[in-house]
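Keep in mind it's a predicted model, so treat the numbers as computed, not measured.
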Amino acid sequence: MTRLRVGWHREHFLSPLLQLAAEDDGKTFELVECPGGTGEMQVKLKAGEIDVCIALTDALIAGLANGLDSYKLVGRYISSPLRWAIVTGKDSKYLDVADLKGTTFGISRLGSGSQVMASYLAMKEGWTEAEQPKFAVKGQFKPLRDAVNSTETSVFLWEWFTTKPYVDSGEVRFIGSVYTPWPCWSIASSTTSSAPAVTAFLDALQPFVRRFNSAEAREKADVDFVVDYFKHRREDVVEWLASVTWEEEIRAVGKDTVVDTLRILEKAGVVVARDEWDPAAFVNTDVAKLV
């Protein structure tokens with residue numbers, strides 16, 4: 001059996017994957033950390049450096065719609081929205097989302113979730129063409145924080161609870177948040193990866209996802225794991241868990257999820273509008289079923 005390379009970003013949402021990795025102990029897959037998030041995973045998929053990734057639904061779908069052909073969707077992971085923090089420098093002049101019109105947003109990479117959500121925020125706020133954000137690519141989380149504090153950028157968008165420790169420490173400030181209007185995490189694999197190996201990996205991950213999503217595990221085991229591994233405050237983990245739901249069947253992709261996400265991305269100017277989208281073109285149906 002092929003030993004897979006699985007791209008992941010250091011976020012608490014990936015806890016079931018980490019628990020599987022601890023049990024697997026490198027026998028069937030290895031974790032490849034991608035500090036730059038989904039954008040870095042897309043680059044690594046194209047370069048043949050990873051075989052599978054769990055990443056942001058919107059960025060994965062936008063990449064495919066915009067011509068990336070190095071991967072396909074092979075599963076769904078989180079069914080709930082993602083809360084993106086709008087983050088500025090500790091001493092910056094920006095106090096409200098309305099202050100951000102026409103300013104330069106930090107993003108991890110072109111086409112990344114941080115860029116997609118900045119464009120969605122501009123659409124949601126009704127900003128004019130002249131008020132659209134400009135973008136500065138910063139690669140990873142630390143350079144994004146540095147850039148808002150140096151005033152090179154006005155803000156950046158990042159997951160709320162990943163950012164909160166840096167707000168609690170006084171390094172950066174929240175000035176708002178925005179939720180995705182789509183299920184926030186999906187699974188993709190390289191078009192050159194072995195479909196049987198990817199299928200076996202997802203089938204192995206499934207019980208860990210279901211267990212983590214269970215009411216029993218949420219009471220204590222989930223909280224203990226995230227606190228121990230990620231060093232988040234216990235009260236923050238409890239709040240986060242109350243807001244997130246994992247998929248009970250991961251080896252599937254929703255037709256409506258693909259099309260509805262694309263229609264919103266069209267309005268936000270992230271993808272070019274089409275009269276009709278074919279969800280099957282986004283999915284490796286040798287691994288996942290369309291539902």
Side-chain angles (χ1 to χ4, degrees), residues 1-9 13-21 23-24 26-34 37-80 111 113 182-213 245-262 277-291:
M1 181 66 75
T2 304
R3 186 168 179 263
L4 295 174
R5 299 159 298 171
V6 179
W8 76 294
H9 185 242
F13 295 92
L14 280 298
S15 294
L17 172 66
L18 296 172
Q19 292 175 338
L20 170 62
E23 183 173 292
D24 183 78
K27 291 190 291 291
T28 66
F29 72 95
E30 63 176 305
L31 292 177
V32 179
E33 188 166 356
C34 301
T38 302
E40 182 175 348
M41 293 181 212
Q42 289 169 315
V43 170
K44 281 181 160 52
L45 283 165
K46 185 175 182 180
E49 296 174 7
I50 59 173
D51 302 296
V52 182
C53 69
I54 302 177
L56 297 175
T57 299
D58 45 309
L60 289 173
I61 290 175
L64 290 166
N66 287 326
L68 289 180
D69 59 4
S70 53
Y71 65 88
K72 295 281 189 179
L73 301 177
V74 292
R76 54 192 181 181
Y77 184 68
I78 299 282
S79 62
S80 49
W182 42 69
C184 60
W185 290 76
S186 294
I187 308 168
S189 74
S190 166
T191 52
T192 61
S193 295
S194 160
V198 173
T199 298
F201 165 72
L202 295 177
D203 287 346
L205 177 61
Q206 181 71 83
F208 287 84
V209 171
R210 286 179 178 161
R211 184 177 67 192
F212 205 86
N213 197 42
T245 305
W246 284 261
E247 293 282 2
E248 285 293 300
E249 182 183 16
I250 61 174
R251 201 153 52 83
V253 176
K255 297 176 186 177
D256 289 346
T257 296
V258 175
V259 174
D260 292 349
T261 301
L262 285 164
W277 292 97
D278 177 14
F282 290 73
V283 181
N284 180 348
T285 52
D286 290 335
V287 176
K289 63 182 179 181
L290 272 168
V291 295

(request) Start with the C-alpha gap between Leu17 and Phe29, add the side-chain angles, then the distance that decides, and say whether side-chain contact (heavy atoms from CB on, under 4.5 Å) holds. (result) CA-CA 11 Å; Leu17 172 66; Phe29 72 95; 4.1 Å; yes
(request) Start with the C-alpha gap between Val32 and Trp8, add the side-chain angles, then the distance that decides, and say whether side-chain contact (heavy atoms from CB on, under 4.5 Å) holds. (result) CA-CA 6 Å; Val32 179; Trp8 76 294; 5.7 Å; no
(request) May I have the step-by-step check of side-chain contact (heavy atoms from CB on, under 4.5 Å) for Ile78 and Thr57, ending in yes or no? (result) CA-CA 9 Å; Ile78 299 282; Thr57 299; over 6 Å; no
(request) For the pair Leu73 and Val258, evaluate side-chain contact (heavy atoms from CB on, under 4.5 Å) and give the outcome as yes or no after the intermediate values. (result) CA-CA 10 Å; Leu73 301 177; Val258 175; 4.2 Å; yes
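By the 4.5 Å heavy-atom criterion applied to side chains, Thr245 and Asn213 are counted as neighbours. Here the side chains of Arg76 and Val291 are in contact, with some heavy-atom distance below 4.5 Å. Taking the side chain as every heavy atom from C-beta outward, Glu248 and Arg210 approach each other to under 4.5 Å. Taking the side chain as every heavy atom from C-beta outward, Ile54 and Phe13 never approach each other to under 4.5 Å. When side chains are defined from C-beta on, Val198 does not count as touching Asp286, because their heavy atoms never get closer than 4.5 Å. Looking at Phe282 and Leu290, their side chains never come closer than 4.5 Å, going by heavy atoms from C-beta outward. Glu247 has its side chain out of reach of Val209: every pair of non-hydrogen atoms, C-beta onward, lies at least 4.5 Å apart. Ile187 places a side-chain heavy atom less than 4.5 Å from the side chain of Val52.
The distance from the NE2 atom of His9 to the SG atom of Cys53 is 12.5 Å, given to the nearest 0.5 Å. Of the inter-residue distances, the one linking Phe212 atom CZ with Leu20 atom CG reads 13.5 Å to the nearest 0.5 angstrom. Interatomic distance, Ile50 CD1 to Gln42 CD, rounded to the nearest 0.5 Å: 9.5 Å. In this structure, NZ in Lys44 is found 13.0 Å from CG in Asp51, a value given to the nearest 0.5 Å. Taking CG of Leu4 as the reference point, atom OG of Ser189 lies at 8.5 Å (rounded to 0.5 Å). In this structure, the separation between CH2 on Trp277 and CG on Leu64 is 10.0 Å, given to the nearest 0.5 Å.
Residue Ser15 comes nearest to Tyr77 through the heavy atom pair N-OH, 4.4 Å, listed as atom of the first residue, atom of the second, then distance. The two residues Gly75 and Ala288 come nearest to each other via the heavy atoms N-CB, 4.3 Å. Contact record, Ala59 with Gly111: CB-O, 3.6 Å, taken as the closest heavy-atom pair.
For the pair Arg3 (side chain) and Glu30 (backbone), a donor-acceptor distance under 3.5 Å is absent. Here the side chain of Gln206 pairs a donor or acceptor atom with the backbone of Ile250 at under 3.5 angstrom. Counting only distance, with no hydrogens or angles, the side chain of Lys27 and the backbone of Asp24 share a donor-acceptor pair below 3.5 Å.
A salt bridge is defined here as a Lys NZ or Arg NE, NH1 or NH2 lying under 4.0 Å from an Asp or Glu carboxylate O, and Glu49 with Arg5 fails to meet this definition.
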